[in-house]
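Some notes on the structure that comes next.
Everything quoted here is computed from the prediction, not taken from an experiment.
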Amino acid sequence: MPMWIEWTIATKFLREGKAQSTLILVGIAVGVAVIVFLTALITGLQGNIVNRTLGTQAHIKVQPPQERNRILPPDPGSTQLVLENKRAQRLRSINNWQQVRDVLDVQPRVKAVSPVISGPAFARRGEALQSVALVGIDAPRYQRIIPIQNDMVAGVFRIGAGDAVIGKQLATDLGLRVGDKLRLDGGQGRESVVNVAGIFELGVRELDARYVYLDMKQAQSLLNLPGAATIIDVTVDNIFDAQAVAARIARLTGLKAESWMETNAQLMNALRSQSLSTQMISVFVALSVALGIASVLSVSVVQRTREIGILRAMGTTRQQMLRVFLVQGALYGLAGSLLGGLAGYGLVSAFNAFGPKLFYIPVNPWLLVAAMGLATVTGILSAAVPARRAASLDPVEAIRHV
């Protein structure tokens, strides 16, 4: 029997069981729509969270290794009891940071590299005093890491020659506006008066209340680290490769390289939990779809026992009969997933147009393809048991079936 005849028989069975077919198609469509919408929603939410988190920090921070106490080994045959106090970690420069920067510039999967000198200081204005973090940067390089210029709410992003840029919350706390003077105290008599050239708002209260951006030379002078860089910020082309790239940088340079995944461990746990919950929901929805298709096809086999017997008596082989019901299951899955994919896309579009607009849900066309493929494969697999039952029917007994 040619393949087109198998398809004809399968579609005929579908048309004859119109009510059952409609119900199972609606069930499949609802299941696929849930998978598409939920997956797109979680993906958009995760992307928004990661972008907000990494919009204010580098993917990888390269720093000097921690200082440790050196303890002499005991003499042979003697026992040594050690009571050790951890060493306080002083602000230190990265040795040969210029060479390290140049090496990182040519590393694969690294997009941008920026040296930074950062340390604590006090900001004074009249009687007001605030603890701040001085951040000395190479502006062109740093803008490729964190585009501060896009977050300016007043003034311009200009550092150097006595100019500085401060956070909005710090400006509010000290009563500062663009053009005002701010005294910075790095301790031990190291002071400098800077002009507030601009005010930024990163959207993170802690950063907006503490960060003061200067050029590297000003920060080096205030922190008493001439020619120094305490951190090298790095961004990578794929944020989820940051851990692997950080490990390679640590091996290559001997420095401490910490990825955003380590510094935001709780965020990573939350993202993994969200992904796991989405996968579990998709599995259970696919399982319910499979059971629905299997139950409908099982009923179809019982209802069409005489027809199956007649087809077998006319020379239809077991393999051909098996394929008829497998094709029927595939058609259920394909048609239902097509409707469900369109419904899921409509739900996403409605959310983007009429939702709270807290974030945008992107729709990956491959998500629709994957959902349709999953539903079609599920339809074929769930049709396997009813198909084997139909193929194993004895023609004589099937024809006598009432």
Go through it in stages, so that I can follow the logic: the residues are Ile159 and Leu214, the test is side chain to side chain contact (heavy atoms under 4.5 Å, CB included), and I'd like the CA-CA distance, side-chain angles, deciding distance and then a yes or no.
CA-CA 5 Å; Ile159 59 175; Leu214 311 164; 5.6 Å; no
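- For the pair Arg158 (side chain) and Ala197 (backbone), a donor-acceptor distance under 3.5 Å is absent.
- Note that CZ of Arg92 and CG of Leu225 are 11.0 Å apart. Values are rounded to the nearest 0.5 Å.
- Taking each heavy atom of Ala229 and Ser93 in turn, the nearest pair found is N-OG, 3.3 Å.
- Scanning both residues, Gly119 and Leu223, for their nearest heavy atoms gives N-CD1, 3.6 Å.
- Rounding to the nearest 0.5 angstrom, the gap separating the CD atom in Gln130 from the CG atom in Leu184 is 12.5 Å.
- When the shell of 6.0 Å around CZ of Arg205 is examined, it contains 12 or fewer heavy atoms from other residues, nucleotides or ligands.
- Among residues at least two apart or in separate chains, side chain to side chain donor-acceptor pair (under 3.5 Å) pairs with a member in residues 102-121 are Asp105-Arg141.
- Although no hydrogens or angles enter the test, the distance criterion places a donor-acceptor pair under 3.5 Å between the side chain of Ser337 and the main chain of Leu334.
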Fill in: Working for ring-ring contact (aromatic ring centres under 6.0 Å, His included), residues Tyr211 and Phe200
CA-CA 10 Å; Tyr211 272 20; Phe200 63 85; 7.1 Å; no
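- When all heavy atoms are compared, the tightest approach of Ile60 to Val236 is CD1-CG1, 3.9 Å.
- Taken to the nearest 0.5 Å, the CD atom of Glu201 stands 5.5 Å off from the CG atom of Asp208.
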Working note: Leu202 + Ile148, criterion side chain to side chain contact (heavy atoms under 4.5 Å, CB included); need CA distance, chi angles, decisive distance, verdict.
CA-CA 8 Å; Leu202 295 176; Ile148 298 293; 3.7 Å; yes
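- In terms of heavy atoms, Gly175 sits closest to Arg125 at O-NH1, 3.1 Å.
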**Q.** side chain to side chain contact (heavy atoms under 4.5 Å, CB included) between Met152 and Val165, worked out
**A.** CA-CA 9 Å; Met152 301 300 296; Val165 176; 3.8 Å; yes
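- Of the possible polar contacts, none joining the His59 side chain to the Ala242 backbone as a donor-acceptor pair under 3.5 Å is found.
- A heavy-atom distance below 4.5 Å is not found between the side chains of Gln57 and Leu207.
- Once rounded to the nearest 0.5 Å, the distance linking CD1 of Ile42 with CG of Leu276 reads 11.5 Å.
- Atoms CD1 and CG, from Ile199 and Asp180 in turn, are 8.0 Å apart once rounded to the nearest 0.5 Å.
- Here the CG-CG distance, from Leu222 to Asp185, works out to 8.5 Å after rounding to the nearest 0.5 Å.
- The two residues Leu170 and Ile166 come nearest to each other via the heavy atoms CD2-CB, 4.1 Å.
- The shortest side-chain heavy-atom distance between Lys181 and Asn195 falls under the 4.5 Å cut-off.
- Judged by distance alone, with hydrogens and angles left aside, the side-chain atoms of Trp97 form no donor-acceptor pair with the main-chain N or O of Val116 at under 3.5 Å.
- Residue Phe351 places its CZ atom among more than 12 non-hydrogen atoms of other residues, nucleotides or ligands, all under 6.0 Å distant.
- Taking both residues in full, the closest heavy atoms of Leu129 and Arg124 are given as CD1-CG, 3.5 Å, listed atom of the first, atom of the second, then distance.
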Contacts table for residues 244-261: side-chain donor-acceptor under 3.5 angstrom, sequence neighbours left out:
from, atom 1, to, atom 2, distance (Å)
Arg248, NH2, Pro108, O, 2.9
Thr253, OG1, Ile249, O, 2.8
Thr253, OG1, Leu255, N, 3.2
Ser259, OG, Gln243, OE1, 2.7
Ser259, OG, Met261, N, 3.4
Trp260, NE1, Ile239, O, 2.8

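- For residues 214-242, every residue pair satisfying the side chain to side chain donor-acceptor pair (under 3.5 Å) rule, not counting sequence neighbours, is listed here: Lys61-Asp233.
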